[in-house]
2 protein chains.
Amino acid sequence: MKKQTTIRDVARQAGVSVATASRVLNGRDVVNDATRRRVLEVMEDLRYTPSSAARNLSLGRTLTITVVTSFLTRPQAAERLRGIDASLADSQFDLVIYNVESIEKRNQYFRTLPLRQRTDGLIVVSLPPPEEDVARLEHSDVPIVFVDARQNTTTLPRVLGDDVAGGALAAEHLLDLGHRQIGFVGDAFENPFGFTSSKDRFAGFQQTLSRAGIKPISDHIAMGGHGRYEAHELAVVMLSRPSRPTAIFAASDTQALGVLAAAQDLGLHVPDDLSVIGYDDIEASDFVGLTTIRQQLFESGRAGAQLLMAEITERAPTPQMVVLEPHLVRRRTTASLEGGPREP
Amino acid sequence: MKKQTTIRDVARQAGVSVATASRVLNGRDVVNDATRRRVLEVMEDLRYTPSSAARNLSLGRTLTITVVTSFLTRPQAAERLRGIDASLADSQFDLVIYNVESIEKRNQYFRTLPLRQRTDGLIVVSLPPPEEDVARLEHSDVPIVFVDARQNTTTLPRVLGDDVAGGALAAEHLLDLGHRQIGFVGDAFENPFGFTSSKDRFAGFQQTLSRAGIKPISDHIAMGGHGRYEAHELAVVMLSRPSRPTAIFAASDTQALGVLAAAQDLGLHVPDDLSVIGYDDIEASDFVGLTTIRQQLFESGRAGAQLLMAEITERAPTPQMVVLEPHLVRRRTTASLEGGPREP
DNA sequence: CTGAAAGCGCTTACAG
DNA sequence: CTGAAAGCGCTTACAG
């Protein structure tokens with residue numbers, strides 16, 4: 001660990017003041033051309049690189065954007081992150097990531113992160129803040145943007161998918177195909193993180209069915225953990241009953257994959273014996289030909305980062321909400337009730 | 001943007017010097033108990049949070065670990081990242097991420113990152129550094145660890161999977177099942193990033209076949225981009241030839257999924273008409289029952305982070321190499337040549 | 001146990 | 001166009 005070369009070393013070697021060296025470093029145009037060249041040369045020779053800590057302290061900013069997200073490896077989170085990254089790639093900001101997989105971690109971050117002068121902006125992905133932290137977050141010195149984190153009491157800028165509309169889309173598609181006995185497999189509505197997607201998707205779904213005069217059958221509604229295996233088991237139970245549904249809407253593609261596995265176990269052919277539609281459009285869905293409702297994941301990350309950059313550069317709080325519409329992606333796991341795919 | 005409250009505000013309000021306030025902040029035990037309590041109380045009241053920039057400058061470190069990775073959303077990268085994150089979660093270090101999807105970005109990062117005093121340590125994931133940067137990286141002030149980045153000329157610490165052994169495992173499995181006509185679908189050996197996994201896996205595979213007295217048939221070797229669709233097309237061509245192989249080893253699970261799709265297109269039943277084995281064991285492989293060679297992705301990230309932390313805390317360069325062994329994961333896409341699965 | 005003061009490496013208003 | 005100097009907010013050896 002040899003001693004760092006500082007701007008002072010550069011200045012001395014180039015025979016100028018540190019002020020001038022700093023000006024060259026920052027590309028200020030007031031510097032004499034010959035001087036500038038000399039300084040740059042010395043920087044090159046000395047392999048000088050500025051200390052970001054010193055610069056940050058002096059400038060009062062960190063040149064850092066922080067993302068708090070959960071379950072980094074879930075395809076949804078990874079894709080959103082990529083959207084954020086893409087949007088920041090050409091900026092001068094670095095991306096700091098906090099991955100949260102427990103309530104304790106979440107609370108810790110929400111409590112310490114926006115307060116510390118550690119970052120110039122915060123993007124919260126898929127983590128609704130606990131009620132008691134909302135006020136603090138709103139009064140934070142640091143601009144904050146929520147992505148896919150439904151929080152009704154806040155006026156902070158946020159990017160949301162319309163889960164209710166997406167659930168409705170799924171129901172419409174199945175209704176159009178002639179289905180009347182339609183099951184639902186999703187996440188438990190109550191969960192420690194306060195995720196609302198399953199609940200909202202179900203709401204849109206249920207509403208649409210009701211409007212079509214279809215009453216909910218409790219045997220056709222199953223809820224559990226957000227995993228393929230949990231969904232698999234739930235679906236096996238549902239599909240083993242005498243009056244099984246002819247179609248199932250799963251609150252996520254991951255769960256839909258579990259439903260497909262259950263159908264296979266039971267010797268039910270998809271889509272002839274059972275139609276299945278998921279939600280998200282993750283990569284695996286394309287692999288297996290799963291019909292699904294696509295969320296704009298990458299887009300949501302990008303939009304969130306852009307909102308944040310606007311807040312940072314304009315220094316004006318611009319509370320707003322961006323809603324990204326879901327779309328139906330038809331593949332091979334849904335079909336008309338009479339058999340054989342049919343255009344709805 | 002109200003003015004930040006600093007340690008000086010705390011000191012004044014508590015009636016102590018900033019030195020004492022700082023000692024309380026850092027949990028130094030030399031402080032009088034009553035004083036400590038008073039200071040802590042004031043910090044609470046003022047909602048004081050220390051400036052990391054100032055602290056970093058004063059301490060000469062950044063409390064930051066930087067990860068340079070590529071293709072963040074590929075399941076391999078995401079899982080490795082999670083391993084790193086898990087290992088860092090309880091440390092005081094923050095995780096900064098650079099996602100690289102072009103050669104230009106890669107070069108830029110390799111050139112500027114380890115030089116700047118921006119980070120306390122660097123983990124390079126899946127990105128072999130260009131030859132001309134190796135020397136600089138080796139003499140960097142910042143500890144560096146490579147994960148899954150094969151670089152023969154460096155002595156820097158690194159974590160690697162044994163791709164040659166993995167390729168051999170795949171070949172052995174297929175040989176055990178009685179196959180003799182075995183195809184390969186992988187990435188082009190030459191690629192701008194210098195990825196070597198496909199090449200190494202092929203080497204181990206080919207070696208094992210040779211030892212069994214099987215000569216390579218050029219019609220059974222296909223290489224292209226790292227994508228499901230590219231692999232799909234290559235496999236269709238290979239499987240349409242009169243003398244098609246009875247088994248295919250794909251250099252990645254993603255490509256294996258393409259091969260499975262090709263088989264389906266051609267009406268070939270897997271595993272009766274064709275055995276398929278992949279590499280990686282990504283989540284989707286479990287979904288579709290793909291037999292594959294598992295890499296320890298999460299483990300590799302964790303091991304890399306641990307090596308780095310050791311270097312940072314011990315301040316001693318401890319060049320070493322950790323090799324993670326691949327394992328065969330048998331599922332439903334490989335079977336004995338005679339038909340029907342058989343224990344090898 | 002506590003305080004005054006120097007120092008970390010930069011930036012920038014103020015003079016010249 | 002350039003320099004001397006103050007300041008960003010913290011830490012820590014040095015005295016007491």
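Only a predicted model underlies this, so the values are computations on that prediction, with no experimental measurement involved.
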Only residue of L88(B), L307(B), I84(B) satisfying side-chain contact (heavy atoms from CB on, under 4.5 Å) with I123(B) is I84(B)
Atom CZ of R12(A) and atom C1' of dG9(C): how far apart are they, to the nearest Å?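 Atom-to-atom, R12(A) to dG9(C), this comes out as 13 Å.
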Whole angstrom is fine here: how far is it from CZ in R61(B) over to C1' in dG9(D)?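 After rounding, the reported distance stands at 17 Å.
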### Message
Distance check, C1' atoms only: dT12(C) and dG16(C), in whole angstrom units.
### Response
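It comes out at 16 Å once rounded to the nearest Å.
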Report task. Measure from the side chain of V16(A), starting at C-beta and using heavy atoms only, and say which of dG3(D), dT2(D), dG9(C) lies closest. Result ->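 Selected nucleotide (nearest to the side chain): dG3(D).
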| Aromatic contact, F110(A) with Y98(A) (centres under 6.0 Å) | no
Polar pairs (N or O, both sides) under 3.5 Å between protein and nucleotides 10-12 of chain D?
{"residue": "dC10(D)", "atom": "OP1", "partner": "Y48(B)", "partner atom": "OH", "Å": "2.4"}
{"residue": "dC10(D)", "atom": "OP1", "partner": "S51(B)", "partner atom": "N", "Å": "3.1"}
{"residue": "dC10(D)", "atom": "OP2", "partner": "I7(B)", "partner atom": "N", "Å": "2.3"}
{"residue": "dC10(D)", "atom": "O2", "partner": "S58(B)", "partner atom": "OG", "Å": "3.1"}
{"residue": "dT11(D)", "atom": "OP1", "partner": "N26(B)", "partner atom": "OD1", "Å": "3.2"}
{"residue": "dT11(D)", "atom": "OP1", "partner": "N26(B)", "partner atom": "ND2", "Å": "3.0"}
{"residue": "dT11(D)", "atom": "OP1", "partner": "R55(B)", "partner atom": "NE", "Å": "3.1"}
{"residue": "dT11(D)", "atom": "OP1", "partner": "R55(B)", "partner atom": "NH2", "Å": "3.4"}
{"residue": "dT11(D)", "atom": "OP2", "partner": "S22(B)", "partner atom": "OG", "Å": "2.5"}
{"residue": "dT11(D)", "atom": "OP2", "partner": "N26(B)", "partner atom": "ND2", "Å": "3.2"}
{"residue": "dT11(D)", "atom": "O4'", "partner": "S58(B)", "partner atom": "OG", "Å": "2.7"}
{"residue": "dT12(D)", "atom": "OP2", "partner": "R28(B)", "partner atom": "NH2", "Å": "2.8"}

Quick note, ring-ring contact (aromatic ring centres under 6.0 Å, His included) partners involving residues 40-65 of chain B, not counting sequence neighbours, are none
Q) Which value, rounded to the nearest 0.5 Å, describes the distance between I7(B) atom CD1 and S22(B) atom OG? A)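 The distance works out to 4.5 Å.
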Checking N1-N3 plus N6-O4 or O6-N4 for Watson-Crick, or N1-O2 and O6-N3 for wobble, each under 3.5 Å, the partner of dA13(C) is none
- request: Scan every strand shown for a Watson-Crick or G-U wobble partner of dA4(C), both distances under 3.5 Å, and answer none if you come up empty.
  value: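 Result: none.
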Min side-chain heavy-atom separation S126(A)-R80(A) under 4.5 Å =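 A side-chain contact exists here, since the closest heavy-atom pair is under 4.5 Å.
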Test salt bridge (charged side-chain N to carboxylate O under 4.0 Å, His left out) applied to E101(B) and R106(B), step by step:
CA-CA 8 Å; E101(B) 306 205 346; R106(B) 180 200 63 180; over 6 Å; no
